[in-house]
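A short write-up of the structure that comes next.
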Amino acid sequence: MVKIGVLSLQGSVEEHLAMLKRLPEVEGLPVKNKQALETVDGIILPGGESTAIGKLLQIFSLKEPLQKRIAEGMPVWGTCAGMILLAKHIVGEEACLGTMDITVRRNSFGRQIDSFSVTAPVEGIGIIPLVFIRAPWAESADSPEVQVLCKVKGHIVAARQRNMLATAYHPELTENTAMHRYFAAMCRQTQGAI
Ligand code: GLN
C-alpha cells in the first residue's frame with residue numbers, strides 16, 4: 001500500500017482523492033498540516049488558484065516542511081496551479097515553493113472562457129485526454145535534468161525532474177487514471193527510502 005496525500009487548502013482536492021480511490025494498493029488522504037505531511041509517501045498539489053494556495057501554505061506553516069520533504073526526494077506532482085507552485089521561476093511574479101527548474105507563465109492559454117481539452121501523447125504514459133482551465137505553460141525547462149513529457153500547441157505542458165512531476169492540465173477532471181497510476185509508481189519506487 002502506498003500513501004498519497006493531496007494538499008487540501010484550496011482547489012480540486014476531492015477530484016484527486018476520487019481518482020486515487022480507484023487505484024489498487026493506494027490510499028489517498030487530504031493533507032492540511034505538517035503531521036499529515038510526515039505520513040505520506042508522495043503528495044499531489046491540486047489545481048486551483050496558485051496565489052491563494054501559496055498564501056495558505058504560509059498560514060498553515062506548510063511551505064518550509066513541504067520544501068524540505070521535496071528536497072529529500074518525496075515524490076510531488078503539481079497539476080495546473082500546483083505546477084506554478086513548484087516552478088523556480090514565474091514570469092512577472094515571485095516563485096512559491098521554487099523547487100523545480102522550470103519557468104512558467106500563468107494563464108498563458110487564455111482566460112476561463114478559453115478552457116479546452118485535447119487528446120495528446122504523454123511520454124511514458126500514452127495518449128490521454130488533457131483538460132486545460134486557465135492553464136499555465138512552461139516557457140522553458142531550465143536544467144538538463146528536466147524531461148519534457150508533453151507539448152501542446154508548441155508549449156511544454158508536462159515535465160519531470162527527478163521526484164517532481166508537473167502538468168499544466170487536469171487529469172483528475174477526466175475518467176483516465178493513467179497519470180495517477182504513473183505518479184503512484186513514482187511513490188512506490190521511493191517508498192521507505194526517504
Ligand atoms: N490560473 C490559475 C493560477 O494561475 C491556475 C488554474 C488552475 O489550476 N486550473 O493559479
Side-chain angles (χ1 to χ4, degrees), residues 4-20 28 30-32 42-60 62-63 66-67 70 75-120 122 125 128-142 149-161 164-180 182-183:
I4 301 181
V6 180
L7 183 70
S8 302
L9 302 176
Q10 191 265 335
S12 56
V13 176
E14 292 307 320
E15 292 83 350
H16 272 297
L17 288 170
M19 290 299 261
L20 294 173
V31 169
K32 226 184 216 161
I43 193 163
I44 297 174
L45 313 179
E49 187 53 48
S50 56
T51 313
I53 301 175
K55 284 191 183 139
L56 290 166
L57 277 173
Q58 300 268 21
I59 292 168
F60 283 73
L62 269 171
K63 187 174 166 184
L66 197 49
Q67 285 170 320
I70 295 170
V76 58
W77 172 22
T79 58
C80 203
M83 175 180 188
I84 298 166
L85 296 174
L86 286 178
K88 261 193 195 157
H89 306 283
I90 306 172
V91 176
E93 287 178 45
E94 289 289 302
C96 181
L97 294 171
T99 52
M100 189 167 175
D101 290 313
I102 52 174
T103 300
V104 298
R105 183 180 287 275
R106 290 179 68 188
N107 303 321
S108 48
F109 284 107
R111 298 185 304 158
Q112 191 84 7
I113 196 168
D114 303 309
S115 299
F116 64 101
S117 36
V118 293
T119 299
V122 181
I125 289 153
I128 58 168
L130 312 177
V131 175
F132 294 85
I133 303 169
R134 288 196 305 120
W137 65 48
E139 299 260 315
S140 55
D142 305 323
L149 303 180
C150 181
K151 279 188 176 184
V152 164
K153 302 185 182 181
H155 302 287
I156 302 168
V157 295
R160 177 165 174 188
Q161 181 179 12
M164 293 171 280
L165 177 66
T167 61
Y169 49 87
H170 292 267
E172 78 283 10
L173 300 182
T174 74
E175 283 301 305
N176 192 300
T177 56
M179 284 293 316
H180 288 79
Y182 178 89
F183 184 64

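First listed ligand is number 1; within each ligand, the first listed atom is number 1.
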Protein residue, atom and distance nearest to [atom], heavy-atom basis:
atom: atom 7 (C) of ligand 1; answer: Cys80 SG, 2.8 Å
atom: atom 4 (O) of ligand 1; answer: Arg106 NE, 2.7 Å
atom: atom 1 (N) of ligand 1; answer: Asn107 OD1, 2.6 Å

Whether Trp137 and His155 hold their rings parallel, tilted or perpendicular, with breakpoints at 30° and 60°: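 Because their plane-to-plane angle is under 30°, the rings of Trp137 and His155 count as parallel.
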What orientation do Trp77 and His180 show, parallel under 30°, tilted 30 to 60°, or perpendicular over 60°?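 Answer is perpendicular, since the angle exceeds 60°.
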Does Lys32, at its NZ atom, have more than 12 non-hydrogen atoms belonging to other residues, nucleotides or ligands within less than 6.0 Å?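 Check fails, neighbour count at 12 or below.
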Show the atoms of ligand 1 that are less than 4.0 angstrom away from any heavy atom in [X].
X: Gly47; value: 8 (O)
X: Ile84; value: 3 (C), 4 (O), 10 (O)
X: His170; value: 7 (C), 8 (O), 9 (N)

Taking both backbone and side-chain atoms of Arg134, is any N or O found less than 3.5 Å from an N or O belonging to ligand 1?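 Min N/O separation from ligand 1 is below 3.5 Å for Arg134.
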N/O of Ala81 under 3.5 Å from N/O of ligand 1, yes or no?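 Such a contact does occur with ligand 1.
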For the residue pair Ala95 and Ile90, what are the closest heavy atoms and their distance?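 Minimum heavy-atom contact is CA-CD1, 3.8 Å.
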So, for Arg106 and Ile84, which heavy atoms are closest and what is the spacing to 0.1 Å?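 Minimum heavy-atom separation between Arg106 and Ile84: CG-CD1, 3.7 Å.
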Are Glu49 and Lys55 within salt-bridge range, i.e. N to O under 4.0 Å?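 Salt bridge between Glu49 and Lys55, a charged N being under 4.0 Å from a carboxylate O: no.
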Among Ser50, Gly48, Ala168, which one has a heavy atom closest to atom 5 (C) of ligand 1?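 It is Gly48 that holds the nearest heavy atom.
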For the backbone of Asp101 and the side chain of Gln161, can you confirm whether one donor and one acceptor N or O come within less than 3.5 Å of each other?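 Checking the backbone N and O of Asp101 against the side chain of Gln161, a donor-acceptor pair under 3.5 Å is found.
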